[in-house]
Protein chains: 2
Amino acid sequence: MKEGPHIALIASLIGDPARANMLTALIGNRALTASELAHEAGVTLQTASFHLGKLEQGSLICPRKQGRHKYFALAGDEVAHALEALMGIAANAGHLRIRPGPKDVALRQARVCYNHLAGEMATRLFDSMISRRFLSVEGEDVFLTTAGARFVRNFGIELDALPAKRPPLCRQCLDWSERRFHLGGSLGRAILAHIVELGWAKREQNTRALVFSRRGQALWVELTAER
Amino acid sequence: MKEGPHIALIASLIGDPARANMLTALIGNRALTASELAHEAGVTLQTASFHLGKLEQGSLICPRKQGRHKYFALAGDEVAHALEALMGIAANAGHLRIRPGPKDVALRQARVCYNHLAGEMATRLFDSMISRRFLSVEGEDVFLTTAGARFVRNFGIELDALPAKRPPLCRQCLDWSERRFHLGGSLGRAILAHIVELGWAKREQNTRALVFSRRGQALWVELTAER
DNA sequence: TTCATACTTCGATGCTAGTCGAACCATTTG
DNA sequence: CAAATGGTTCGACTAGCATCGAAGTATGAA
């Protein structure tokens with residue numbers, strides 16, 4: 001490939017269908033094996049291995065070896081963010097203007113973005129916490145207020161157990177389906193884990209969609225009401 | 001190209017060096033002719049025409065004819081946003097960790113992001129307006145407060161002359177060099193135009209860098225101080 | 001009107017990148 | 001230990017894409 005701006009290299013890595021499918025499969029903060037990714041991409045293992053090498057070379061993914069299994073995960077949430085931005089172009093260009101089907105409705109409602117909750121369910125949490133002064137926004141920085149800390153403790157999150165250093169406790173993350181923000185950071189991650197632990201929602205095998213149970217959704221809606 | 005997720009198509013369009021150079025040239029919200037873009041890309045006019053057709057087909061750019069001249073601009077700020085997100089990957093992967101030279105310092109300080117100011121100068125404005133309660137953030141929505149309206153009027157922006165409908169008056173836009181937000185929307189656009197009109201800064205011909213004069217910078221720093 | 005300039009389209013060319021079979025290495029299991 | 005499984009590397013092949021010369025269309029200027 002001819003010399004060009006660095007974004008050309010990154011974009012060309014994403015621009016191959018097999019690799020794009022792999023990256024998409026990894027958005028939900030899953031670490032998948034090379035074999036699983038080969039299956040996601042619909043290519044042979046050797047082709048997948050070749051592609052994974054390129055993605056790793058380009059710093060889009062990170063490998064982790066466990067015995068004979070080798071797991072790959074996105075290198076960071078900048079990658080997830082860029083993938084979502086690319087999806088945003090599709091959305092804005094009208095390619096996704098017509099809602100394709102139930103599965104995409106599910107993605108719009110709740111899905112995993114890297115390691116935290118995204119979609120309508122997520123943005124309503126963020127909005128609710130802003131309006132109830134549980135979160136305070138200053139520029140990019142998002143802080144948990146004292147009232148907010150009480151709120152999440154009541155929800156069942158052990159704040160003291162969260163990583164004290166990077167990633168930040170709270171972080172705004174742009175939600176492409178809602179065009180608004182949802183909560184990232186270690187708190188966002190903990191909330192997603194807690195929702196799953198409570199059985200309010202569960203993850204499906206081959207998708208980023210997070211499926212709330214009827215009861216779980218009711219409880220979540222109540223929790224995130226803007227009172 | 002094999003069928004793949006839509007982001008593969010979009011990314012593959014960006015992933016060609018010639019096209020990436022064109023898109024980069026257009027980030028500064030310039031509308032450039034096909035000849036100018038051919039020059040930016042370092043290809044012949046016929047090759048450029050071919051590429052521009054593909055970018056237009058993919059809804060990344062919009063053409064506008066003026067006599068025998070045909071101008072192309074980015075299709076919208078989602079495109080600029082995605083391009084900046086791709087730059088963010090490069091930055092995060094350490095490819096730009098070592099500051100290459102004065103020009104990139106200039107880009108970090110002040111540059112044009114589509115149609116509004118970005119870089120350090122821009123994020124300090126956003127932060128300042130947040131902390132001085134000139135801007136109010138609720139989720140993704142950013143509102144100009146009464147005090148904020150007074151502030152920008154004092155600065156010389158005719159608020160009533162701004163477009164009443166889309167784009168929104170205020171909009172948060174992620175700044176890749178600063179990893180924080182700067183102000184987009186029609187107000188952001190107006191502010192950039194006003195800075196240039198006042199002579200505080202000027203745009204260079206072949207770059208997104210916005211060069212503040214010494215006086216302009218001092219005035220800007222004072223305006224955006226967080227008092 | 002003619003000439004110059006901006007841009008588009010077509011066809012041919014060459015290079016690159018993705019693909020898979022084969023062979024190999026690493027780890028686990030029976 | 002051998003067999004099975006997960007993964008890597010190499011080589012050959014081919015499809016596809018970017019490129020430019022040539023020819024054509026559209027617009028502006030003299």
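First the proteins, then the strands, lettered A, B, ... as listed; each starts at 1. Just the heavy atoms: all of them, side chains too, but no hydrogens, waters or symmetry mates, feed the values below.
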* **SB check A:E120 A:R111 (cutoff 4.0 Å)** => no
* For the side chain of A:T47, counting heavy atoms from C-beta on, which of C:dT19, C:dT8, D:dT8 is nearest? -> C:dT19
* To do: Identify which nucleotide among C:dT8, C:dG18, D:dG7 has an atom closest to any side-chain atom of A:D16, counting heavy atoms from C-beta outward.
  =>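 Between C:dT8, C:dG18, D:dG7, the one nearest the side chain of A:D16 would be C:dG18.
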Over how many whole Å does the gap from [X] atom [atom1] to [N] atom [atom2] extend?
{"X": "B:E36", "N": "C:dC7", "atom1": "CD", "atom2": "C1'", "result": "13 Å"}
{"X": "B:Q66", "N": "C:dC7", "atom1": "CD", "atom2": "P", "result": "11 Å"}
{"X": "B:L45", "N": "D:dT25", "atom1": "CG", "atom2": "P", "result": "17 Å"}
{"X": "A:N21", "N": "C:dG18", "atom1": "CG", "atom2": "P", "result": "14 Å"}
{"X": "B:L13", "N": "D:dA18", "atom1": "CG", "atom2": "C1'", "result": "13 Å"}
{"X": "B:K70", "N": "C:dT9", "atom1": "NZ", "atom2": "C1'", "result": "12 Å"}
{"X": "A:H51", "N": "C:dT19", "atom1": "NE2", "atom2": "C1'", "result": "8 Å"}
{"X": "A:F72", "N": "D:dG6", "atom1": "CZ", "atom2": "P", "result": "14 Å"}

Think [X] has a side-chain N or O under 4.0 angstrom from the OP1 or OP2 of [N]?
{"X": "B:S49", "N": "C:dT8", "value": "yes"}
{"X": "B:R68", "N": "D:dT25", "value": "no"}
{"X": "B:T44", "N": "D:dC20", "value": "yes"}
{"X": "B:S35", "N": "C:dT5", "value": "no"}
{"X": "A:K65", "N": "D:dG6", "value": "no"}
{"X": "B:K54", "N": "D:dA18", "value": "yes"}

* Residues A:T33 and A:E36: side-chain donor-acceptor under 3.5 angstrom -> yes
* Asked: With no hydrogens and no angle check, do the side chains of A:R19 and A:H51 hold a donor and an acceptor under 3.5 Å apart?
  -> yes
* Structure fact -> Shortest non-hydrogen pair, A:A85 vs B:H81, comes out as CB-CD2, 4.2 Å
* To do: Give a yes or no on whether the backbone of A:F155 and the side-chain of A:H194 come within a donor-acceptor separation of less than 3.5 Å.
  => yes
* On DNA chain C, check which nucleotide each of A:H69 and A:Q46 is closest to and give me the residue with the more 5' one. =>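 Whichever sits nearer the 5' end wins; that is A:Q46.
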